[in-house]
Amino acid sequence: MLNDLDKLKSQAIAELQSITDANSIEDWRVAYLGRKGKLTQILRGLSTLPIEERKAVGAAANDIKVLLDEELNKRHRAIKEASLDGGAQAIDVTLPGRTVPLGRLHPTTQIIRQINDAFTSMGFEVVEGPEVESDYYNFEALNIPKDHPARDMWDTIWISRDEASPTLLRTHTSPMQVRVMEKRQPPVRVVVPGRCYRYEATDATHESIFFQIEGLAVDKGITFADLKGTLYEFAKRLFGAERKVRFRCDYFPFVEPGVDMSIDCFVCGGKGCRLCSNTGWIEILGAGMVHPNVLRGVGYDSDIYTGFAFGLGVERIFMLKHGIDDIRLFYGDDLRFLKQF
Ligand code: PHE
């Protein structure tokens, strides 16, 4: 029996010396020292031996176990070192690591920040408001009474049409004009970025969820010249210092007079191309002087205070700047699109 043990020891050590990789080392450990390994079997069988022999074999087997454990650790270390400084399984520690992919800001967030920057540098403050809105703020307080045909301009997603408290998803950021004025006294100068909702079939230029940025300035003596100057400056900052702007009459119930503002086409320089539908102009926002009814509604004296307001479609601005032809890309979650910005 002691002879067998000796043989087992020499065989185990010889095998171990020839091993050069970590996987084979594990096989070796299982074969000799594992639960069903050769040495383990011998130790288990001890109880069947006569008492004298049991002592001798037990002691010898234990010594071998200790020795094999030590040899195993040594071999482990040797293999590891070999793999670091050459040899068949060498690790090149000078290779660059695997990069962790970094996320980035969504294009909508990027353009909102750019637009906010343009206005905050002109003294505007950024505020935000609720997306679930009451009929009062979205329509009534903006001089759009119930059953007024102007409501057709905003296809509305209703949360509740309950007579007492009709509730909806805001169709524009304009309700924030009223909420801000209710809380503050002039001078007021805010921009309000935020998500808006419309009950609309989607296509390349319409989404039922989109962002707007509202602007509002109210004080003594604010005139249409202030509106023009501010929005002209904005257009130049976003679309280039050489931009021209054009204002034309437009109708929004909460402003008087109301306008839409266009910039001269930055692709064709105004000659006419596909982007500007051969007109040379691209419409970028709606604006106007705050309607006296809206001012009176929040308790401002409309004989003393005047103001201007504007609203622009955030995605549209980004699309124009980058030549993107489908608004649905903003919510498509397609990395091939998002990664470009
Ligand atoms: N709220 C208007 C819209 O969504 C845009 C607008 C805002 C026009 C402020 C004038 C003044 O169509």
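Values reported hereafter were calculated over all heavy atoms of this structure, with side chains retained and with hydrogens, waters and symmetry mates removed. Counting starts at 1 for both ligands and their atoms, following the listed order.
Ring planes of Phe330 and Phe318: perpendicular class, angle over 60° (limits at 30 and 60°). Between His172 and Phe139, the two ring planes are tilted [angle within 30° to 60°]. Below 30°, between 30° and 60°, or above 60°: for Phe341 and Phe337 the angle between ring planes is above 60°, a perpendicular geometry. Under the 30°/60° scheme for interplanar angles, the aromatic rings of Phe266 and Phe239 are found to lie parallel.
Closest to atom 7 (C) of ligand 1 among all protein heavy atoms lies Gly311 N, 3.3 Å. For atom 4 (O) of ligand 1, the nearest non-hydrogen atom of the protein is Gln212 NE2, 3.0 Å. Considering only non-hydrogen protein atoms, atom 3 (C) of ligand 1 sits nearest to Trp154 NE1, 3.7 Å.
In summary, the atoms of ligand 1 found under 4.0 Å from a heavy atom of Phe252, numbered by their order in the structure, are 8 (C), 10 (C), 12 (O).
Between Glu214 and ligand 1, no N or O atom pair is found at a separation short of 3.5 Å. Looking at ligand 1, you'll find an N or O of Ser174 within less than 3.5 Å of one of its N or O atoms. Checked by distance only, ligand 1 and His172 come closer than 3.5 Å through their nitrogen or oxygen atoms.
Cation-pi check for Arg179 over Tyr137 is met; the charged atom lies under 6.0 angstrom from the ring centroid and within 45 degrees of its normal.
Under 4.0 Å from ligand 1, the heavy atoms of Ala287 that appear belong solely to its backbone.
Not a single heavy atom of Met153 lies less than 4.0 angstrom from ligand 1. Contact between His291 and ligand 1 is absent, with no heavy atom of the residue lying under 4.0 Å from the ligand.
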### Ile115 and Ile317: CA distance, side-chain angles, deciding distance, side chain to side chain contact (heavy atoms under 4.5 Å, CB included) verdict
CA-CA 9 Å; Ile115 298 169; Ile317 300 284; 4.2 Å; yes
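Counting heavy atoms from C-beta on, the side chains of Glu163 and Asp135 never come closer than 4.5 Å.
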